[in-house]
Visitor: 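Below are the structure tokens for one structure; questions will follow.
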Amino acid sequence: MKLATVFSGIGAIEQALHRMGINYEIVFACDNGDVELNLLEGQELEDYTILKKLRSKKQLKNQEDIDRLEELGKKENQIAEDIRSKIQIMPSKIDKKRYVDDLYKKRSRQTNFVKTAYLANYGHLLNHDDFHLDIRFLDATDYADAGIDLLVGGSPCQAFSAVGAQYGLSDTRGTLFYEFARIIKETQPRVFIYENVRGLTTHDNGHTWEVMKSVFKDDLNYRISEPQILNASDYGIPQSRRRIFVIGIREDIECGDFVYPKPVPLKYTMQDFLEDNCAFGHFNYNPTDGELIVEKVPGKPDKKFTLTPAVQKYVLAGGTSNYKTSTETDLPIARTLMKMMTQHHRAGVDNYVTVKKNPLVLRQLSDREALRLMGFPDDFKIAVSSMQTLRQAGNSIVVDVLMAIIKNVILLK
């Protein structure tokens, strides 16, 4: 199978194919690792940064500030368009990649930890020159003749998420959906899988989804399934994680309509996935069918994940007079893992585990446990810090949900 991914993260679809024993090669991957590429400079960049932060906190009220943000956003988009135009006339794929890589080196001091983690695990399956840093500047016409079977991605969810500002397609992150659509148009994969947060179809009273659906159907000529919300706990992973999936099949491919996978009984609890009960190296999968194998061998998570007394007191606070939250810990089905879980939210938001009962001592999930709760077995290499791994796990797609989808895609042949 020839695979391509954008917003690739730590490779959930790669893990799905790996666990299922499906031979595949990676044609290209693309992820900027949340690295900010500053196209504006000086005072404009300073204003833009401040105003975007205000908007993310829903504190952008002044009309003058709103107009200024729109003006700077348009200028940044125009600069990006000029860069894209310059890239398109470059003579080779390597020239284009080096130009974008140099752009990131000159205009950002951040490290792309996602790229580090991705290449540590899948670098042997693709040419490193085919890992791209920015979907906006990826000229996918260079891969038009690659014969891609499957393209997988989900544009950043904050523009549609209940915990984001919900500006939808008017948000720069929301418009990255159009880049995903462009990549489909330029590469013409046989099948694509698009994933996003469940609020996608209800955003703006359904208008956002209607626009996206028309792009898939009318502009790209793909036969699409109506989006369906799939919960990780319905597909073998003890985590409450509801995400929306859209499967598209190229119109010229003769096959039946895609049918979403049916839920299966949940065999495990979050406790089964903890390092206390399943030491490192004992969380594996059956090579014949990809199903998880969880061996009950006691282990010990690193003490660095234990909460300090001050942090523990905060996370167990039941909220304020205006905001109440659960203080329940040690859940059988984990709450949704988020990339911000490194920030130690209250117990009603994150997942905490009891280390000692009297006096009570809690810890957060370890990086390995977070990966397990996304369906990554212990042979997945942790190549970056615990904090970065936790962020990456919270951003990923659940492997077992993708496995269930792929099984039904294969049945279409």
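What you see is a predicted model; the values in this text were computed from it and never measured.
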Visitor: Without swapping roles, check the side chain of Arg55 against the backbone of Leu60 for a donor-acceptor pair under 3.5 Å.
Guide: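 No, because the side chain of Arg55 does not come within donor-acceptor range (under 3.5 Å) of the backbone of Leu60.
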Visitor: Hey, what do you get for CD (Glu251) to CD (Gln188), rounding to the nearest 0.5 Å?
Guide: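 Interatomic distance, Glu251 CD to Gln188 CD, rounded to 0.5 Å: 11.0 Å.
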Visitor: Quick one: does Gln388's side chain have a donor or acceptor within less than 3.5 Å of a partner on Ser385's backbone?
Guide: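 Looks like no, no N/O pair under 3.5 Å.
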Visitor: Taking all non-hydrogen atoms of both residues into account, name the closest pair between Ala140 and Ile183 and its distance.
Guide: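 Here Ala140 and Ile183 meet closest at CB-CD1, 3.7 Å.
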Visitor: Are Asp34 and Lys339 close enough that some pair of their side-chain heavy atoms sits under 4.5 Å apart?
Guide: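 A side-chain contact exists here, since the closest heavy-atom pair is under 4.5 Å.
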Visitor: Taking 4.0 angstrom as the limit, do Lys74 and Glu71 come out as a salt bridge?
Guide: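 No, no charged N to carboxylate O under 4.0 Å.
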Visitor: Do Lys52 and Glu76 meet the salt-bridge criterion of a basic N to acidic O distance under 4.0 Å?
Guide: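 Lys52 and Glu76: not salt-bridged.
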Visitor: Minimum heavy-atom separation for Val114 to Gly9, with atom names?
Guide: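 Smallest interatomic distance, heavy atoms only, reads CG1-O, 3.4 Å.
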Visitor: What heavy-atom pair brings Val27 and Lys2 nearest, and what distance separates the two atoms?
Guide: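 Residues Val27 and Lys2, closest heavy atoms: CG2-CB, 3.9 Å.
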Visitor: So, Asp130 versus Tyr143: side-chain donor-acceptor pair below 3.5 Å or not?
Guide: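 Side-chain D/A pair, Asp130 to Tyr143: present.
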Visitor: Mind listing the closest non-hydrogen atom pair of Lys86 and Ile89 along with its distance?
Guide: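 The answer is O-CG1, 3.2 Å.
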Visitor: Using side-chain heavy atoms (C-beta onward) and a distance below 4.5 Å, is Leu119 in contact with Leu126?
Guide: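 Yes, close enough: below the 4.5 Å cut-off.
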Visitor: Given side chains that start at C-beta, do those of Met338 and Asp350 come closer than 4.5 Å, heavy atoms only?
Guide: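 When only atoms from C-beta onward are counted, Asp350 and Met338 do touch, with a gap below 4.5 Å.
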Visitor: Counting distance only, does the side-chain N/O of Asn221 pair as donor-acceptor with the main-chain N or O of Asp252 below 3.5 Å?
Guide: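 No, Asn221 side chain to Asp252 backbone: no donor-acceptor pair under 3.5 Å.
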Visitor: How far apart are the closest heavy atoms of Met403 and Asp289, and which atoms are they?
Guide: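 Scanning both residues, the minimum pair turns out to be CE-O, 4.1 Å.
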Visitor: Check the pair Tyr235, Val398 against side chain to side chain contact (heavy atoms under 4.5 Å, CB included), reporting the backbone distance first and the verdict last.
Guide: CA-CA 9 Å; Tyr235 298 95; Val398 175; over 6 Å; no
Visitor: Give, for atom SG of Cys278 and atom CD of Gln271, the distance between the pair rounded to the nearest 0.5 Å.
Guide: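 Result: 13.0 Å between the selected atoms.
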Visitor: So do Tyr314 and Arg346 actually touch side chain to side chain, heavy atoms under 4.5 Å?
Guide: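 Yes, close enough: below the 4.5 Å cut-off.
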Visitor: Kindly indicate whether the side chain of Val399, heavy atoms from C-beta on, has any atom under 4.5 Å from the side chain of Arg19.
Guide: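 Yes, their side chains come closer than 4.5 Å.
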Visitor: Using only atom types and a distance under 3.5 Å, with no angle test, would you say the side chain of Gln239 pairs donor to acceptor with the backbone of Leu373?
Guide: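 Flag set: sc Gln239 to bb Leu373 pair under 3.5 Å.
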Visitor: So Asp139 and Lys93, salt bridge (charged side-chain N to carboxylate O under 4.0 Å, His left out) or not? Walk me through it.
Guide: CA-CA 8 Å; Asp139 184 359; Lys93 182 175 66 176; over 6 Å; no
Visitor: Measure from the side-chain N and O atoms of Gln110 to the backbone N and O of Val35, and report whether any donor-acceptor pair falls under 3.5 Å.
Guide: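 The answer is no, because no donor-acceptor pair under 3.5 Å joins these two groups.
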Visitor: Keeping the roles fixed (side chain from Glu70, backbone from Asp65), state whether a donor-acceptor pair exists under 3.5 Å.
Guide: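 Checked: no pair found.
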Visitor: Mind checking the CZ-CZ spacing from Arg250 to Arg223? Nearest 0.5 Å is all I need.
Guide: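 Arg250 atom CZ to Arg223 atom CZ measures 11.0 Å (nearest 0.5 Å).
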Visitor: Do Lys97 and Asp101 have side chains that get closer than 4.5 Å, going by heavy atoms?
Guide: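 Side-chain contact under 4.5 Å: yes.
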Visitor: Can you check whether Phe113's main-chain N or O pairs, donor with acceptor, with Gln392's side chain at less than 3.5 Å?
Guide: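 Judged by distance alone, yes, a pair lies under 3.5 Å.
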Visitor: For the atom pair OH (Tyr104) and CG (Asn32), what is the distance rounded to the nearest 0.5 Å?
Guide: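 With rounding to 0.5 Å, OH (Tyr104) is 4.5 Å from CG (Asn32).
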Visitor: Do Glu64 and Arg68 sit within salt-bridge range, that is, some charged N less than 4.0 Å from a carboxylate O?
Guide: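 No, this pair does not count.
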Visitor: Quick check on the 6.0 Å ring-centre criterion: do Tyr122 and His18 meet it?
Guide: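 So the answer is no for these two rings.
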Visitor: Any chance you could lay out the side chain to side chain contact (heavy atoms under 4.5 Å, CB included) test for Leu103 and Asp134, step after step, and finish with the verdict?
Guide: CA-CA 10 Å; Leu103 203 60; Asp134 200 313; over 6 Å; no
Visitor: Is it true that Glu81 and Asn77 share a donor-acceptor pair across their side chains at a distance under 3.5 Å?
Guide: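 There is no such pair (donor and acceptor under 3.5 Å, judged by atom type) between the side chains of Asn77 and Glu81.
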Visitor: What do the steps show when you test Leu337 against Leu365 for side chain to side chain contact (heavy atoms under 4.5 Å, CB included), and what is the final call?
Guide: CA-CA 10 Å; Leu337 271 61; Leu365 293 176; 4.3 Å; yes
Visitor: Check whether any side-chain heavy atom of Asp129 sits under 4.5 Å from a side-chain heavy atom of Ile94, and report yes or no.
Guide: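 Yes. Closest side-chain heavy atoms under 4.5 Å.
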Visitor: Should we say atom CZ of Arg182 is surrounded by more than 12 heavy atoms from elsewhere, each under 6.0 Å from it?
Guide: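 Counting other residues, nucleotides and ligands, CZ of Arg182 exceeds 12 neighbours.
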Visitor: Hey, is Asp272 close enough to Lys267 for a salt bridge, meaning N to O under 4.0 Å?
Guide: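 So Asp272 does not pair with Lys267 through a salt bridge.
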Visitor: Say whether, by atom type as modelled, one donor and one acceptor occur between the side chain of Arg243 and the main chain of Glu195 under 3.5 angstrom.
Guide: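 Not confirmed, Arg243 side chain does not pair with Glu195 backbone.
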Visitor: Run the salt bridge (charged side-chain N to carboxylate O under 4.0 Å, His left out) test on Glu44 and Lys75 for me, step by step, so that the C-alpha distance in whole Å, both residues' side-chain angles and the decisive distance to 0.1 Å come before the verdict.
Guide: CA-CA 10 Å; Glu44 288 183 330; Lys75 183 167 184 178; 2.9 Å; yes
Visitor: So, does Arg372 use its side chain to make a donor-acceptor pair with the main chain of Phe273 at under 3.5 Å?
Guide: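 Checking the backbone N and O of Phe273 against the side chain of Arg372, a donor-acceptor pair under 3.5 Å is found.
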Visitor: Taking atom CZ as the centre, does Arg84 end up with more than 12 heavy-atom neighbours from other residues, nucleotides or ligands that are less than 6.0 angstrom away?
Guide: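 Count over threshold, so yes.
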Visitor: Hey, is Lys53 close enough to Glu36 for a salt bridge, meaning N to O under 4.0 Å?
Guide: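 Salt bridge flag = no for Glu36 with Lys53.
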Visitor: For the pair Tyr118 and Thr5, evaluate side chain to side chain contact (heavy atoms under 4.5 Å, CB included) and give the outcome as yes or no after the intermediate values.
Guide: CA-CA 12 Å; Tyr118 187 93; Thr5 64; 4.1 Å; yes
Visitor: Over 60° means perpendicular and under 30° means parallel, so classify the ring planes of Tyr194 and Phe177, tilted if in between.
Guide: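 Phe177 and Tyr194: perpendicular rings.
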Visitor: Measuring centre to centre across the rings, with the benzene-like ring taken for any Trp, is Tyr260 within less than 6.0 Å of Phe258?
Guide: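 Centroid distance Tyr260-Phe258: below 6.0 Å, so yes.
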Visitor: Do you know the tightest heavy-atom contact between Asn351 and Met270?
Guide: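 What the structure gives for the nearest pair is OD1-SD, 4.1 Å.
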Visitor: If I take atom CE from residue Met1 and atom CZ from residue Arg190, how far apart are they, to the nearest 0.5 angstrom?
Guide: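 Interatomic distance, Met1 CE to Arg190 CZ, rounded to 0.5 Å: 9.5 Å.
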Visitor: Going from CG on Asn284 to CG on Asp378, what distance comes out if it is rounded to the nearest 0.5 angstrom?
Guide: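 Between atom CG of Asn284 and atom CG of Asp378 there are 6.0 Å.
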Visitor: So for atom CG, which belongs to Asp218, do other residues, nucleotides or ligands contribute more than 12 heavy atoms lying within a distance under 6.0 Å?
Guide: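 Counting neighbours around CG of Asp218, more than 12 heavy atoms of other residues, nucleotides or ligands fall under 6.0 Å, so yes.
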Visitor: Parallel, tilted or perpendicular: which fits the ring planes of Phe180 and Phe216, with parallel below 30° and perpendicular above 60°?
Guide: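 Taking Phe216 first and then Phe180, their aromatic rings stand perpendicular (interplane angle over 60°).
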Visitor: Go through the steps to decide whether Glu291 and Lys407 satisfy the test salt bridge (charged side-chain N to carboxylate O under 4.0 Å, His left out), and finish with yes or no.
Guide: CA-CA 13 Å; Glu291 293 301 309; Lys407 287 175 184 176; 3.5 Å; yes
Visitor: Under 4.5 Å between any side-chain heavy atoms of Ile247 and Ile224, yes or no?
Guide: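 Not in contact.
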Visitor: Is it the case that over 12 heavy atoms from other parts of the model lie below 6.0 angstrom from the CG atom of Asp102?
Guide: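 Counting other residues, nucleotides and ligands, CG of Asp102 exceeds 12 neighbours.
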Visitor: A quick test of your reading: do over 12 heavy atoms of other residues, nucleotides or ligands sit less than 6.0 Å from CG of Asp145?
Guide: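 No - once you tally the heavy atoms of other residues, nucleotides and ligands closer than 6.0 Å, there are 12 at most.
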Visitor: Is the shortest distance from a Lys or Arg side-chain nitrogen in Lys213 or Glu210 to a carboxylate oxygen in the other one below 4.0 Å?
Guide: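 A salt bridge links Lys213 with Glu210.
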Visitor: Looking at Glu275 and Arg363, is there a salt bridge between them, counting it only when a charged N and a carboxylate O are closer than 4.0 Å?
Guide: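 Salt bridge between Arg363 and Glu275, a charged N being under 4.0 Å from a carboxylate O: no.
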Visitor: Can any side-chain N or O of Arg241 pair as donor or acceptor with the backbone N or O of Ala334 at less than 3.5 Å?
Guide: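 Not a single qualifying donor-acceptor pair exists.
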